[in-house]
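Structure, as C-alpha cells:
All values derive from a computational prediction rather than experimental measurement. Both ligands and their constituent atoms are indexed starting at 1 by order of listing.
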Amino acid sequence: MSSESRAGFSTRSVHESLGFGGTTGAVSPPVFLTSTFENGNPDGFDYTRSGNPNFRLIERTLASLEGGRHATSFASGVSAITAVVSSLKSGDLVLAEENIYGCTYRLFARVFAKFGLQVRYTDLSRPENWAQIEQSKPTLIWLESPTNPLLKIVDIAGVSAIAAQAGVPVLVDNTFASPYLQRPLELGATLALASTTKYVNGHSDCLGGVVATNDPAWHERMVFAQKALGLQPSPFDAWLTGRGQRTLALRMERHSANALELAGWLEKRPGVRWVRYPFLPSHPQHDLARRQMKAGSGLFIAELACSCEAALAFCRRLRCFTLAESLGGVESLICHPASMTHASVPAEVRRQVGIGDGLLRFSVGIEDVEDLRRDIDQAMEGISR
Ligand SMILES: *Cc1c(COP(=O)(O)O)cnc(C)c1O
C-alpha cells in the first residue's frame, strides 16, 4: 500500500480497507469469525480480543484517513472513550470543553470520579479561557468540535498550540465532522477519537469507535486497553464499518450540501426563532468553521417558536425524518432534546444552557433535498393551525 499512501482521501478510503482475500481473489474482504488463531501464523494474530484481520483493515484505513500513523478500533464510541480515560490515573486532571457529549460527561462523573480522576469544565471556544491550560497543567485536554448539541466550534489548532507549549496532550472527539471534513491530528491534536457508529459507518447498522494518533506511546496504551479491558469490536461490526466508510467522502458531500440548503431555508421561514449551522454566515464562529472544516456536516439545530408539546408534535408529523437519537446515517433523523436526551434536566437549567422547549436537532440524510424541505414545510404548517 505504500505507493497509495499519497493517494487522495476517497482512493485511500476504498483501497486501504481491502485485503485478506488470500488465494481466493475475493475483492471484498471475508469476515473472520474466529475467536482464536493457530500459534505462529505469519500475520501474527493470536486471539480476537487483541486483534483480528477485520480490525486491522479498518485500523489501517482510519489511521490513513485521520492523517495519523496509528489507529485502534473499539466496540463503540464509549469504548474508545473508556480506553483513553482508563489510561489516566487517580489524581490526574482532565480539562474538558463544557459542552461535551452526555455519555462522556456521565463516564467522567459516575465511573472515573470513583477512581480519583478530576475533571474541570470550561468554554474552550473562548480563547481567553486557554490561559487555564498553563495555570492548571491538566494531564489531558478533552474537546469536541462541532459540539453536541449546540454546534459550537472550538479552534483546534489554537488550543493545540497552547497545549503543546505546556506539554499537555489534546484529544478531539471528531464524531460530528468525520475525518473527511476535519483532521484534528493535522491541526496539532494528539488523539482523534470518533464514534464510527455515526458518519464513518454511516448506515446505522452497527456501533464502533476509533482512536487515531501519531504518538507511539499513546498507540501502545490504546492497544493495551483494547485487549486488557475487552473493548474490541466484533469482527462482523468491523467488517460493516469497513464497508460503510468506503463511501464516506460521497456521503459527507451530500449530507453537507443538504444540511446547508435546509438550514439556510429554514432560517428565513416564519415560525422559526433561529437556526445554527457552522457554514451559515449567521453562525457566531462561521469564519473559524470555514478555516477548520471542509464543509459544515449534516447537523443543524433550530429553535421553533412553539411549546415543548408542539415541537414534539411537529417531529411526529415528519415523514422523512425519524424521531430518534443518534445521527450520521444515510437516513434523516430528528431529535427533540427537551423531551429526549435532556428530559431529565430541569427546564430552567435547560434554558440556561441554550436548550429551549422548541429546540430541534436535525441529522440530515442523503435523500433528495426537495423532499426533505417539503416534509419540514408540511409539518410546520401543522404548528400554525
Ligand atoms: C455517539 C457519540 C459518542 C458515543 O458513541 P457510541 O458509538 O454511541 O458509543 C461519543 N461522542 C459523540 C460526539 C457522539 O455523538
Exercise. For G208, take its heavy atoms, then give the atoms of ligand 1 lying under 4.0 Å from any of them.
Key: 7 (O)
Practice problem: Would you indicate whether F20, at its atom CZ, is surrounded by more than 12 heavy atoms from other residues, nucleotides or ligands within a distance under 6.0 Å? | Solution: yes
Self-check item: N or O pair under 3.5 Å between E144 and ligand 1
Solution: no
Practice problem: Report yes if L327 has an N/O atom closer than 3.5 Å to an N/O atom of ligand 1; otherwise report no. | Solution: no
Quiz item: At a 4.0 Å threshold, what atoms of ligand 1 neighbour a non-hydrogen atom of T175?
Solution: 11 (N), 12 (C), 13 (C), 14 (C), 15 (O)
Quiz item: Which ligand 1 atoms does F176 reach within 4.0 Å, using its non-hydrogen atoms?
Solution: 13 (C), 15 (O)
Quiz item: Counting from 1, what ligand 1 atoms have a heavy atom of S76 closer than 4.0 Å?
Solution: 7 (O), 9 (O)
Quiz prompt | Proximity of W142 and F108 rings by center, below 6.0 Å | solution = yes
Quiz item: Should T104 be counted as touching ligand 1, given the test is an N or O pair under 3.5 Å?
Solution: no
Quiz item: So, do Y121 and Y105 have ring centers that fall under 6.0 Å from each other?
Solution: yes
Quiz prompt | Member of M380, H336, E381 meeting the side chain to side chain contact (heavy atoms under 4.5 Å, CB included) criterion with F314 | solution = M380
Exercise. Indicate yes or no: does an N/O atom of I81 lie under 3.5 Å from an N/O atom of ligand 1?
Key: no
Practice problem: Answer yes if M252 and L62 sit in the same cluster of Ile, Leu, Val, Met, Phe, Trp and Tyr residues linked by side chain heavy atoms under 4.5 Å apart, and no otherwise. | Solution: yes
Self-check item: Where ligand 1 meets G77 - atom numbers and elements under 4.0 angstrom, heavy-atom basis
Solution: 4 (C), 5 (O), 6 (P), 7 (O), 9 (O)
Quiz item: Could R251 and Y180 be counted as a cation-pi pair, given that NZ or CZ must be under 6.0 Å from the ring centre and within 45° of the axis?
Solution: no
